[in-house]
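Remarks on the structure that follows.
Note that this is a predicted model, so its numbers are computed, not measured. Chain letters run A, B, ... following the sequence lines, proteins first, then strands; residues in each count from 1.
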Amino acid sequence: MSLLQSLQCCSISTQAFTKATQPIKGPEQQRRRHHHRHHRTQIRPIGSVPTAYQPLDQIPLRDTFAWNSLLRAHLVDGNCWQTILVYRHMLLCGVRPDRHTLPAVLRASGLSDASSNGKQVHAHALKLGFASDSYVVTALMEFYGQFEGADIAGVVFNCSNQKNSVSWTLLAKLYLMEDKPSFALQLFHRMVNSNMELDVVALATAARACGQLRSVHEGKKLLKIAGRTGLESDVLVGNSLLKMYLDCERIEEARALFDQMPSKDAVAWTTIISGYVNNGVFNEGLKLFRAMCIEGVAPVSFTVSAILPACARVAAYKHGKEIHGCIIRRQIHMNPTVSNALMDMYVKSGSIEAASKIFNRILEKDVISWTVMILGYSLHGRGDRGISLFHQMEESSTVLPDRTTFAAALHACSTACMVEEGRHFFEFIQEPELEHFALMVSLLSRAGLFDEVRAFVEDHRIGHHAMVQRAMLGGCRVHRNMKTGKRIAEQLIELEPLNAENYVLMLNMYAASRKWDVVEGLRETIRDMGLKPKKACSWIEVRRKVHVFGVGDVSHPRSQRIYWELECLMKRMKAEGHVLEKDFGLHDVDEERECIPCGHSEMLAVAFGLISTQGSTTLRVAKNLSVCRSCHASLKMISRIVGKEIVLKDPQIFHHFKDGLCSCRDMW
DNA sequence: GTAGGGTTAG
């Protein structure tokens with residue numbers, strides 16, 4: 001009989017159950033008792049042959065203990081259907097289940113989505129008189145919690161006369177899984193009031209409830225209870241309360257608790273590190289990661305996955321490589337999460353090649369692996385490769401794209417100007433979100449299809465979203481469509497009158513048309529309103545140190561040498577017949593109107609990179625604003641003159657300047 | 001011989 005056929009008829013028959021539950025009498029009873037005392041056989045399934053019956057032939061005496069061992073072995077291996085089949089076979093062989101049997105079969109029923117089997121096991125439990133056994137009760141609660149919800153599990157709990165802290169806590173967990181933290185917390189306090197002895201798991205579950213509730217007030221009550229019961233020094237309790245503070249966005253209180261913890265394990269370190277990283281306090285996260293290693297606590301896969309996003313920035317490239325080295329040195333398991341975090345770190349810190357190497361080595365790529373790489377290629381100017389990868393995912397794997405994967409694919413279509421492909425993807429998104437709409441707008445406007453953009457925006461009634469307007473503006477910039485651009489900038493100011501960047505966008509439009517009186521008026525408006533537009537700045541990492549440059553910055557110790565280098569490069573470009581294109585898109589509201597690319601922050605960072613590195617080292621520079629046209633043109637030339645690749649990250653994409661060309665194909 | 005728990009990635 002094939003496995004599939006076995007499964008189709010694997011419901012537990014009444015006949016089998018009746019046979020198994022017949023009273024055992026005479027010599028058979030004695031034989032079983034004897035065996036139970038002297039021949040406890042631990043059995044594991046043999047090899048990978050998927051038949052439940054094979055090992056049974058090896059059981060010399062078929063007693064319940066041996067069957068239970070086999071059931072557990074299948075369960076541990078994740079073969080839930082085998083577990084259920086073995087249970088059925090066990091009944092057919094006339095072996096009576098005991099209170100150890102039923103929880104295993106219930107768990108298997110839950111894991112295999114076999115709701116009817118679980119209910120039959122419930123009936124067996126009632127008939128055999130195990131329904132009030134505390135282990136059976138918790139297994140039943142877990143089973144009903146999964147299929148019918150926490151309320152039904154609560155009925156089993158209320159009917160049982162064997163309540164213990166495990167069943168109280170399990171019910172609380174089931175409510176947490178249904179996003180009902182207040183019910184979970186109420187249960188905890190009812191448990192405390194019923195004089196049930198408190199333990200660490202109950203406290204940890206209650207702490208999770210407080211975190212989900214975002215109630216630091218309730219969390220502090222737990223802290224008192226923990227102190228009163230002497231459980232506060234327990235590492236599990238400490239870690240749970242630490243996470244509670246972070247969930248309540250109280251990072252300072254979390255840090256104070258962390259500092260006071262008598263013993264800090266890898267989980268505690270990982271929790272506090274992820275707290276800082278998720279709040280954008282990357283340097284503190286990195287400091288703590290190093291402190292952890294110095295204190296002799298070995299980082300685990302969770303820790304490296306938590307710290308890598310802190311290195312997913314240009315100028316943190318060396319931190320990222322350091323963590324990668326640490327993973328290899330310490331032989332930390334490269335599970336998909338670690339690989340995905342590493343890939344993302346390399347993508348975001350400017351090395352798509354390194355990300356690609358890791359991607360190719362992942363044997364079981366999940367949806368995040370594919371998405372990171374699709375978006376990665378797009379961000380690095382290879383949208384076409386991103387789209388190929390999407391098709392490869394569909395053809396070579398069972399992974400299904402989710403909304404983020406579709407967003408990455410649309411992004412790739414946008415950078416590669418693949419309009420038809422983009423439309424096709426958009427149709428496949430079941431419930432498109434604002435981000436998807438904005439990406440479609442970006443795709444159409446970058447392709448210069450402004451009439452279509454207008455129709456799309458009207459049809460979907462999305463014109464009142466700033467994200468959509470900004471997407472349109474991207475296309476206007478690429479196609480130098482100043483007329484539409486000004487209209488959109490006006491609309492953006494109406495939508496967000498307090499956002500200084502909108503005025504700068506408008507100002508840039510008028511500067512490009514040389515309408516200096518309007519530019520001056522807008523500057524005054526910005527000043528009068530007390531708005532503070534972002535100051536342009538660029539940064540570069542050289543020998544583990546980050547160097548930051550502003551517009552016309554002369555504060556760097558090697559400033560003179562930097563400007564000298566730039567001047568030489570400009571002379572060389574001029575000698576080769578390169579005429580600088582003037583771009584009046586001002587980066588800084590206080591900047592001189594006739595800005596020269598020599599003083600722009602990215603040029604200073606690149607020049608510093610050139611005088612500080614040797615050979616063909618790739619320079620990686622990041623900028624907080626879009627690069628202007630003249631700097632873009634100059635950087636293309638410079639890459640050819642110096643024979644180095646220059647990778648510049650701006651808020652939208654990475655520009656790879658190499659041999660006189662840029663990966664963005666001058667569309668940004 | 002069995003149950004409830006704290007940390008991670010787009």
Side-chain angles (χ1 to χ4, degrees), chain A residues 36 40 42 64-69 71-73 75-76 98-107 133-142 145 157 162 164-174 176 184 187-188 191 199-208 211 234-244 246-247 264-275 277-278 299-309 312 332-333 335-345 347-348 355 362 366-376 379 401-405 407-408 411:
Chain A
H36 201 74
R40 290 196 160 188
Q42 288 287 342
T64 306
F65 180 87
W67 282 89
N68 287 349
S69 301
L71 283 170
R72 252 199 309 280
L75 197 59
V76 165
D98 67 9
R99 61 198 187 88
H100 293 277
T101 318
L102 303 182
V105 187
L106 281 165
R107 212 156 302 127
D133 176 83
S134 66
Y135 288 89
V136 175
V137 167
T138 46
L140 281 168
M141 284 171 65
E142 190 132 39
F157 172 75
Q162 291 277 309
N164 61 13
S165 73
V166 178
S167 52
W168 280 97
T169 310
L170 174 58
L171 189 57
K173 183 197 87 169
L174 292 171
L176 286 179
L187 273 168
F188 173 78
M191 175 186 161
D199 62 29
V200 291
V201 184
L203 255 171
T205 309
R208 209 171 101 200
D234 180 87
V235 72
L236 171 65
V237 173
N239 291 345
S240 313
L241 292 167
L242 193 59
K243 180 75 168 70
M244 177 276 296
L246 292 175
D247 288 341
K264 304 175 180 85
D265 63 1
V267 179
W269 283 96
T270 305
T271 308
I272 193 73
I273 288 170
S274 76
V277 174
N278 293 335
V300 294
S301 57
F302 284 86
T303 326
V304 290
S305 310
I307 194 61
L308 279 167
I332 294 172
H333 177 53
N335 62 31
T337 310
V338 173
S339 301
N340 293 343
L342 259 179
M343 255 178 9
D344 190 56
M345 178 278 290
V347 164
K348 305 266 173 68
I362 305 177
D366 63 15
V367 69
I368 298 183
S369 324
W370 290 97
T371 307
V372 165
M373 218 46 216
I374 292 167
L375 184 66
L379 288 170
D402 63 14
R403 52 190 199 83
T404 318
T405 322
H411 193 281

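- The nucleotide whose nearest atom lies closest to any side-chain atom of A:Asp344 is, among B:dG10, B:dT8, B:dG5, B:dG10.
- The CG-C1' distance, from A:Leu171 to B:dA3, rounds to 14 Å in whole Å.
- At whole-Å resolution of the value, CG in A:Asp402 and C1' in B:dG10 are 8 Å apart.
- With B:dG4, B:dA9, B:dT7 as the choices, the nucleotide that has an atom nearest any side-chain atom of A:Ile368 turns out to be B:dA9.
- Out of B:dG10, B:dA3, B:dT8, the shortest distance to the side chain of A:Asn164 is found at B:dA3.
- When the options A:Met343, A:Met345, A:Lys348 are evaluated for a side-chain contact (heavy atoms from CB on, under 4.5 Å) with A:Val372, the one that passes is A:Met343.
- The side chain of A:His100 lies closest to B:dG1 when the candidates are B:dG4, B:dG1, B:dG10.
- Using a 4.0 Å heavy-atom distance criterion, A:Lys348 is classed as a sugar-phosphate-only contact.
- For A:Val166, taking side-chain heavy atoms from C-beta onward, the closest of the listed nucleotides B:dG10, B:dA3, B:dT8 is B:dA3.
- For A:Lys173 and B:dG4, the shortest distance from a side-chain N or O to OP1 or OP2 is not below 4.0 Å.
- Of the side-chain N and O atoms in A:Ser165, none sit less than 4.0 angstrom from OP1 or OP2 of B:dG4.
- For A:Thr405, whose side chain is taken as the heavy atoms from C-beta onward, the closest listed nucleotide among B:dT7, B:dG10, B:dG5 is B:dG10.
- Minimum atom distance to the side chain of A:Arg208 is reached by B:dG5, of the listed B:dG5, B:dT8, B:dG1.
- A:Arg99 comes within 4.0 angstrom of a base, heavy atoms only.
- The two residues A:Ala172 and A:Ala184 make their nearest non-hydrogen contact at O-CB, 3.4 Å.
- Between A:Leu308 atom CG and B:dT7 atom C1' the separation is 15 Å, expressed in whole Å.
- Residue contacts for A:Ser301: at a heavy-atom cut-off of 4.0 Å it reaches a base atom on one of the strands shown.
- In terms of heavy-atom proximity, A:Thr270 sits nearest to A:Ala306 at CG2-CB, 4.2 Å.
- No contact: A:Ala104 has no heavy atom under 4.0 Å from any strand.
- Among B:dG4, B:dT2, B:dG10, the nucleotide with an atom closest to any side-chain atom of A:Val372 is B:dG10.
- As a whole-Å value, the separation of A:Trp370 CH2 from B:dG10 C1' is 15 Å.
- Residue A:Ser134 is in base contact, counting any heavy-atom pair closer than 4.0 Å across all strands shown.
- Look at CZ on A:Arg107: it is 6 Å from P on B:dG4, rounded to the nearest Å.
- In this structure, A:Asp234 reaches neither bases nor backbone, as no heavy-atom distance under 4.0 Å exists between it and the strands shown.
- Side chain to side chain, A:Thr64 and A:Asp98 fail the donor-acceptor criterion of an N or O pair below 3.5 Å.
- Set against B:dT8, B:dA3, B:dG4, the side chain of A:Ser305 has B:dT8 as its closest nucleotide.
- If you check every strand for non-hydrogen atoms under 4.0 Å, A:Thr404 touches a base.
- A side-chain donor-acceptor contact under 3.5 Å links A:Ser167 and A:Asn164.
- Atom CG in A:Leu242 sits roughly 15 Å away from atom C1' in B:dG5 (whole-Å rounding).
- Residues A:Asp402 and A:Thr405 share a closest heavy-atom pair of OD1-OG1, 2.9 Å.
- Residue A:Val235 is classed as a base contact, given a heavy-atom separation below 4.0 Å to a base.
- In this structure, A:Ser167 reaches neither bases nor backbone, as no heavy-atom distance under 4.0 Å exists between it and the strands shown.
- Looking at heavy-atom distances under 4.0 Å, A:Asn335 makes no contact with the nucleic acid at all.
- A:Thr371 comes within 4.0 angstrom of a base, heavy atoms only.
- Atom P of nucleotide B:dT2 and atom CG of A:Leu140 are separated by 19 Å, given to the nearest angstrom.
- In this structure, A:Trp168 has its ring center at least 6.0 angstrom away from the ring center of A:Phe188.
- As a whole-Å value, the separation of A:Asn340 CG from B:dT8 C1' is 11 Å.
- Considering only the side chain of A:Ala306, B:dT8 comes nearest among B:dT7, B:dA9, B:dT8.
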